[in-house]
Amino acid sequence: MEERIGFHYRIIDPPAYALVIKDFEVPIWQWSRQQHEEALKRAGLTNIRWHPLQFPPEQTHHLVGWAWYLDNPSCIVLSAEKAG
């Protein structure tokens with residue numbers, strides 16, 4: 001998969017990981033869905049919605065090579081609202 005997306009992760013001590021791109025490493029953290037939602041709620045956000053990564057319908061022929069990444073994305077997409 002690294003050849004396809006250009007990077008990989010090195011496990012340090014979860015939730016701590018390292019994002020590795022060739023000889024460059026940067027620390028990252030991976031929190032659970034529950035931890036994200038708790039933090040968003042503490043910040044006063046509501047109506048939290050998670051949006052899965054998806055290929056456009058006309059590109060679904062690429063799914064075979066990307067299925068693992070879509071199940072294990074390196075980013076999240078979510079939306080929430082804060083009363084004004």
Side-chain angles (χ1 to χ4, degrees):
M1 193 58 157
E2 182 176 0
E3 303 80 36
R4 185 175 299 245
I5 60 176
F7 60 86
H8 72 274
Y9 299 107
R10 184 173 63 77
I11 299 170
I12 297 172
D13 186 18
Y17 294 81
L19 171 67
V20 181
I21 304 170
K22 297 187 181 185
D23 61 349
F24 176 75
E25 261 189 43
V26 63
I28 62 171
W29 292 264
Q30 183 178 19
W31 293 285
S32 70
R33 182 178 182 139
Q34 179 182 352
Q35 289 169 309
H36 277 90
E37 289 185 5
E38 288 172 1
L40 292 166
K41 288 175 184 175
R42 281 194 309 271
L45 297 168
T46 61
N47 199 20
I48 300 164
R49 293 180 307 259
W50 292 78
H51 307 281
L53 296 181
Q54 297 176 335
F55 273 95
E58 66 275 7
Q59 298 293 319
T60 56
H61 60 281
H62 291 295
L63 284 175
V64 171
W66 288 93
W68 180 89
Y69 184 77
L70 292 176
D71 289 339
N72 302 278
S74 61
C75 62
I76 58 170
V77 181
L78 58 85
S79 58
E81 298 174 0
K82 185 162 186 166

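Computed from a predicted structure; not experimentally measured. Just so you know, these numbers use all the heavy atoms, side chains as well, and skip hydrogens, waters and symmetry mates. Sequential numbering from 1 along the given sequence is applied to the chain's residues.
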Check your understanding: Between Gln59 (side chain) and Pro56 (backbone), is there a donor-acceptor pair under 3.5 Å?
Key -> no
Tightest non-hydrogen contact, residues Pro15 and Trp31, listed as CG-NE1, 4.3 Å
Here the gap from Leu78 atom CG to His36 atom NE2, rounded to the nearest 0.5 Å, amounts to 7.0 Å
Rounding to 0.5 Å, atoms CG (Leu45) and CD (Glu37) come to a distance of 11.5 Å
Is there a path of hydrophobic side-chain contacts, each under 4.5 Å between heavy atoms of I, L, V, M, F, W or Y residues, that connects Trp50 with Val77? no
Check the pair Gln30 / Gln35 against side-chain contact (heavy atoms from CB on, under 4.5 Å), numbers first and verdict last.
CA-CA 10 Å; Gln30 183 178 19; Gln35 289 169 309; over 6 Å; no
Determine whether Ile21 and Ile11 fall in the same hydrophobic cluster, where Ile, Leu, Val, Met, Phe, Trp and Tyr are linked whenever their side-chain heavy atoms lie under 4.5 Å apart. yes
In short, Ala43 meets Lys82 closest at the heavy-atom pair O-NZ, 2.9 Å
Same cluster for Trp29 and Val20 if Ile/Leu/Val/Met/Phe/Trp/Tyr side chains link at under 4.5 Å?
no
Looking only at heavy atoms, the pair that brings Ala18 and Glu25 closest together is CB-OE1, 3.5 Å
Steps toward side-chain contact (heavy atoms from CB on, under 4.5 Å) verdict (Ile48, Lys41): CA-CA 9 Å; Ile48 300 164; Lys41 288 175 184 175; 3.9 Å; yes
Residue pair Ile12 / Tyr17, side-chain heavy-atom distance below 4.5 Å: no
- Task: Mind running side-chain contact (heavy atoms from CB on, under 4.5 Å) on Tyr9 and Leu19 for me, showing each step along the way?
- Result: CA-CA 5 Å; Tyr9 299 107; Leu19 171 67; 3.8 Å; yes
